[in-house]
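One structure is given here, and the rest of the page talks about it.
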There are 2 protein chains.
Amino acid sequence: MATDGRTRRNGAGRRDLTEIAINCFARHGYQGTSIDRIAREAGVTKGAIYHHFRSKEDLLAAAVRDRIGEFETRVQNACRDAAPDESLRRIAEVCAEHARSEDRPRFAIKLMVESIETNAPVLEEMRGMMRRFRAFLRNIVRAGQDSGLLRSDADADAVAAAYTSAVIGAETQFYLDPKRFSLEHTLETFVSQMLDNLRPAGAAQTLQGRSDP
Amino acid sequence: MATDGRTRRNGAGRRDLTEIAINCFARHGYQGTSIDRIAREAGVTKGAIYHHFRSKEDLLAAAVRDRIGEFETRVQNACRDAAPDESLRRIAEVCAEHARSEDRPRFAIKLMVESIETNAPVLEEMRGMMRRFRAFLRNIVRAGQDSGLLRSDADADAVAAAYTSAVIGAETQFYLDPKRFSLEHTLETFVSQMLDNLRPAGAAQTLQGRSDP
DNA sequence: GTTGCCATACCGACCGTTTAGTATCGAGTG
DNA sequence: CACTCGATACTAAACGGTCGGTATGGCAAC
């Protein structure tokens, strides 16, 4: 708790504040999180936050931007040097890990849903993130089609949209009912189903999932 | 706006209040909706609301229960006298209609997500709804398996979970980006993909979706 | 008159934001 | 080296407003 080499004072820096803020926002939502709560968890007073950020919305926007960039980097790194079908499997794994992580989870789902009809700037940020995610998936599918690995008559946009739906819906159900909803198994089932369906006609057909008798 | 034959006064009855309340909650969230706002939209004052409901949470719980029951009835009716595969198509259609309706939409997604870590009673209600929804789907899949219509070696629970994921995720993306996200097409793509995958080995294989060249 | 339904007025708590003031540092100056 | 100056990083306190909730009273119907 002493010096961390980054700040002159004992308090939290601007970067630390966005970390703590997004954590609070992800747990209690934007409207359910008071500036005082963030300040308390950061070990500073309310004034310190208003020294770094113009408003509560400004703090939220900064925190969201940080997290979105982090998530996208993570997804991209998981796909490095991987074939299209392997990439599609890995992305689901990264999303599941993200949902199970200690600090990061829920922020996307919670703030995305809350911002609908209540916070236009954040909504726009989230909309951009989802569009980029779908485009990223679509390009992977297209690459698979171009290389003959995946069926070329499939609608890559629709496949990407369905994939994104499965991820968001599975995360939501997992947050709602973590003890009864098996996140990884659901995503694996979906991805296997999708890859089976995308296999070019004539290729060998595998049963659902791996061979785990 | 005069007498509607139900109430002695010009105000709204208990049932009308839950309708208006769920509408507000669905748009602005629970924490983003004040009692005064609901009262204003209902054409009454706060006192009227506290005459019918003990607290804001009580009002929310009553409104949520009403809506959940309504939705479940709608889904069940859509499946009357339908074969399993047809039921699975119809449920997706009902969910898409629900998402596009004028008054009802968003309440499930919004309140479900918001209640995570903030409102245990509502969370429990939502959890029950999702469990029943998945169980309903699973039973349809099992019925299809028993009748030989669907592959018997598929994991019915996992299929139901993936289906539910797709519905929730597609609705969420649609609310987030209604102009760019095509809800119906995404759900149709998913359901076709799933049914293709569930077709028993040896059965005729159709291409994705209908023939819309 | 009693009862059900609702309006009015109000309370205490809390929220986002502002302001005034303070402590701590680095750079510049002699 | 000491010393000033000006940022920077905060604290403490308060303000105006809104919120959920309550107490009270009145009007209409039976």
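The chains referred to below are lettered A, B, ... by the order of the sequence lines, with proteins before strands, and numbering in each begins at 1. Side chains included, hydrogens not; waters and symmetry mates left out as well; all remaining heavy atoms used.
- Nearest-nucleotide assignment on DNA chain D puts the 5′-proximal partner with A:Gly47, out of A:Gly47 and B:Lys56.
- The side chain of A:Ser34 has C:dC15 as its nearest neighbour among C:dC15, D:dT11, D:dG20.
- When the P atom of D:dG20 is taken as reference, atom CZ of B:Arg40 falls 12 Å away, rounded to whole Å.
- What separates OH of A:Tyr30 from P of C:dG16 is a distance of 7 Å, to the nearest Å.
- In this structure, B:Asp58 places its CG atom 14 Å from P of D:dG20, rounding to the nearest Å.
- Rounded to whole Å, atom C1' of D:dC19 lies 13 Å from atom CD1 of B:Ile49.
- Interatomic distance, B:Arg14 CZ to B:His51 NE2, rounded to the nearest 0.5 Å: 10.0 Å.
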Exercise. Start with the C-alpha gap between A:Lys110 and B:Glu117, add the side-chain angles, then the distance that decides, and say whether salt bridge (charged side-chain N to carboxylate O under 4.0 Å, His left out) holds.
Key: CA-CA 11 Å; A:Lys110 272 230 147 194; B:Glu117 285 208 280; over 6 Å; no
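- Residue B:Tyr50 has its side chain nearest to D:dG20 when only D:dT11, D:dG20, C:dT17 are considered.
- When the side-chain nitrogen and oxygen atoms of B:His51 are compared with OP1 and OP2 of C:dC6, none of them lie within a distance under 4.0 Å.
- Between B:Asp36 atom CG and D:dG20 atom C1' the separation is 9 Å, expressed in whole Å.
- Within the structure, salt bridge (Lys or Arg N to Asp or Glu O under 4.0 Å) pairs that include any residue of residues 38-51 of chain A comprise A:Arg27-A:Glu41, A:Asp36-A:Lys46 (at least two apart or interchain).
- At whole-Å resolution of the value, CD1 in B:Ile35 and C1' in D:dT22 are 13 Å apart.
- Of the candidate nucleotides C:dC10, C:dC6, C:dG16, C:dC10 has the atom lying nearest to any side-chain atom of B:Lys46.
- Between the side chain of A:Tyr163 and the backbone N or O of A:Ala92 there is at least one donor-acceptor pair closer than 3.5 Å.
- Within the nucleic acid shown, B:Thr45 comes within 4.0 Å of at least one base atom, counting heavy atoms only.
- Considering only heavy atoms from C-beta on, A:Ile68 comes within 4.5 Å of A:Arg132 through its side chain.
- Proximity of B:His52 to the phosphate of C:dC6: a side-chain N or O atom is located under 4.0 Å from OP1 or OP2.
- A:Glu57 has its CD atom 8 Å from the P atom of C:dT17, to the nearest Å.
- Nucleotide C:dA7 holds its P atom 10 Å from the CG atom of B:Leu17, rounded to whole Å.
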